[in-house]
Amino acid sequence: MEIKQLDVLVVGGGPAGLAAAVELYRKGIKDILVVEREKHLGGILRQCIHDGFGLTRFGSTMSGPEYAERFIHEAREMGIPCIVNAAVTEITNDKVVTVVTRDGIRKYQAKAVVLAMGCRERTRGALAIPGERPAGVFTAGVAQAYMNLYNRMPAKEVVILGSGDIGMIMARRLTLEGAHVKAVFEIQPYPSGLPRNIEQCLKDYGIPLYLSRTVTNVHGDVRLQGVTVSEVDEHMRPIPGTEKYYECDTLILSVGLIPENELSIDAGVQLDGRTRGARVNEFFETNVPGIFSAGNVLHVHDLVDFVSLEAESLADAAAEYVQEGRLPACPIEIVYDKNVNHTVPMAVSGTRPFRISMRVNRPMKDVRVVLRQDGREVASKKMKKAIPAEMIQFTVDAEKLEGSGKLEVSVE
Amino acid sequence: MKREFTCIVCPNGCEIEAEYEMKNDAVELVNVSGNLCKRGAEYVRQELVNPERTIASSVLVSGGELPLCSVRLNRPVPKGKIFDVMKEIKELKLSAPVSAGTVLIHDVLGLGSDVVVTKSVEKAL
């Protein structure tokens, strides 16, 4: 089979892939190809019809489809080749990419590959909720697609498990369309979504949010008839005797997102145990030279604006990689203390300013996020509150670093 | 009087504490703290006088590649009017093609807000 040569192949035509492609083109890298498996470009934004996107990236608020359209429009104006209805089935560690299209199988040899596959939802199976297997149990994103893309109303009486942002947004959407959302249950002792969504999606519509509770049984043979909800202890184990029955025909799950990295693993890309995305350096380059990763496939973001900005940084580095054939080495490792859940990147070169994205692993008040090298403070950020639902970012001046001693992030 | 707010203007979601007095129908903010920007104070004032929200929904499209297009309000409306506005949106029916940016209802229910298409839907092939 003929193998076509390319500068950059971008896997995924959602917000990360499109932003990377547009920025690569601007940097003069024009021999690129975006591969999207859905019929349309835009990724998950197409079904996120609510408002609130773009405040950081564009300075104005808009819906998901409008946000996506800005990048799709730019990519079209530039004439960036994008193929839809096409799935990447293999990426090798020397960057040969196999794509299945409507017109058959194609192979490309790329100088660089951008992983921008996004993430998928955790399902009921992954949580192992006991009980029967009736219809009426959906992840929040599936319910969102039914309603916002296919015009199907999936529910009348609803219980939501998990306080993720998509679940709360669907609580509002279902209520506006006439469903009755009884309650949202969260297993953690704190909400996992953003405070503004608790306010405008739950409180505005009188939907109660109960913490430290989970669904412990599912009832119904054909359609869901109800769920049993139990309180949990500090180890998140259900407490016997606290069971309560809720009649409902629909259970919506909003219990987390998982970066979709099957292709990355096959390419030999090393994943991080915490983010479940690739381990990358400040250039968003994985352990496989020339394979880059950004957006929700790298770590799950709360806001698409930061996905775009991250993909644009990736593109700057990938452009340099294509033009120069290499990027500076990144010998300085980033580690963190027990209050931090993860950081991105995991290593830096020490030669240029860089940005750290991170999350704390429990809610804290009046804290300082501190970056130290060999015990010496090199950057810090004061925060009134730090919560797991919000990604924290700060930039670091490379001139403050000395030698290749480890960097440690702590929250105190 | 004192009240706490979670600002919904931007993703920062500031926790704002407001001290205020009601004089007739007007609100006088005595002290506002916890907000990172001045839009927080504006939000608090609006919440105290007449809370406003924007909403998003969908409108049926016939003959299109999708059965519906998404719409949103370009300005917030009083919270109590949300379901009335939803009713107006549900009355609408369009035929493809539909382009994003089209105003479907100008000044919906006289509330000063327009219902705008946010996703283009092309004709089905």
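Any value given below was found using the heavy atoms of this structure, including those in side chains, with hydrogens, waters and symmetry copies removed. Here is the naming used below: chain letters follow the sequence lines, and residue numbers restart at 1 for every chain.
Atom-to-atom distance recorded for A/Lys384:NZ and B/Leu36:CG is 7.5 Å, nearest 0.5 angstrom. Atom CD in A/Glu199 sits 9.5 Å away from atom SG in B/Cys7 (nearest 0.5 Å). If you take CG on A/Asn197 and OG1 on B/Thr6, they are separated by 11.0 Å, rounding to the nearest 0.5 Å. Taking CZ of A/Arg46 as the start and NZ of B/Lys119 as the end, the distance is 4.5 Å to the nearest 0.5 Å. Taking SG from B/Cys10 and CG from A/Asp305, the interatomic distance works out to 10.5 Å, rounded to the nearest 0.5 Å. Atom CD1 of residue B/Ile8 and atom CZ of residue A/Arg196 lie 7.0 Å apart, to the nearest 0.5 angstrom.
In A/Arg76, the CZ atom is not crowded: 12 or fewer heavy atoms of neighbouring residues, nucleotides or ligands sit closer than 6.0 Å. Within a 6.0 Å sphere centred on CZ of A/Phe394, other residues, nucleotides and ligands contribute more than 12 heavy atoms. For A/Tyr190, the OH atom is densely surrounded, since the number of other residues' heavy atoms within 6.0 Å is greater than 12. No more than 12 heavy atoms of other residues, nucleotides or ligands sit less than 6.0 Å from atom NZ of A/Lys156. Other residues, nucleotides and ligands contribute more than 12 heavy atoms inside 6.0 Å of the CD atom of B/Gln46.
The candidate from A/Gln47, A/His50, A/Glu390, A/Lys39 with the greatest count of non-hydrogen atom pairs under 4.5 Å with chain B is A/Glu390. In terms of non-hydrogen atom pairs under 4.5 Å with chain B, the most contact-rich of A/Gly64, A/Pro65, A/Gly52 is A/Pro65. Per-residue counts of heavy-atom pairs under 4.5 Å with chain A were compared for B/Cys69, B/Cys14, B/Gly13, B/Ala56; the largest is that of B/Ala56.
In this view, B/Leu68 and A/Asn151, B/Ser58 satisfy the side chain to side chain contact (heavy atoms under 4.5 Å, CB included) rule, not counting sequence neighbours.
Proximity to chain B (any heavy atom under 4.5 Å) is shown, for A/Leu176, by both the backbone and the side chain. For A/Phe53, no part sits under 4.5 Å from any heavy atom of chain B, backbone or side chain. Neither the backbone nor the side chain of B/Ser120 comes within less than 4.5 Å of any heavy atom in chain A. Residue A/Met62 touches chain B through both its backbone and its side chain, counting heavy-atom pairs closer than 4.5 Å. At a 4.5 Å heavy-atom cutoff, the contact between A/Leu149 and chain B is made by backbone and side-chain atoms alike. In this structure, chain A has no heavy atom under 4.5 Å from any part of B/Asn74. Of the atoms belonging to A/Thr61, it is backbone heavy atoms, and not side-chain ones, that fall under 4.5 Å from chain B. Contact of A/Glu69 with chain B is not made at all, since no heavy-atom distance falls under 4.5 Å.
Annotation: side chain of A/Glu66 is in contact with side chain of B/Arg72 (closest heavy-atom distance under 4.5 Å). B/Arg53 places none of its side-chain heavy atoms less than 4.5 Å from the side chain of A/Arg172. Using a 4.5 Å heavy-atom cutoff, the side chains of B/Thr118 and A/Tyr67 are not in contact. Taking the side chain as every heavy atom from C-beta outward, A/Leu55 and B/Pro11 approach each other to under 4.5 Å.
Sorted by first then second residue, the side chain to side chain donor-acceptor pair (under 3.5 Å) pairs that include residues 78-88 of chain B, not counting sequence neighbours, are A/Asp204-B/Lys79.
Across all their heavy atoms, A/Tyr205 and B/Ile82 have their closest contact at OH-CD1, 3.6 Å.
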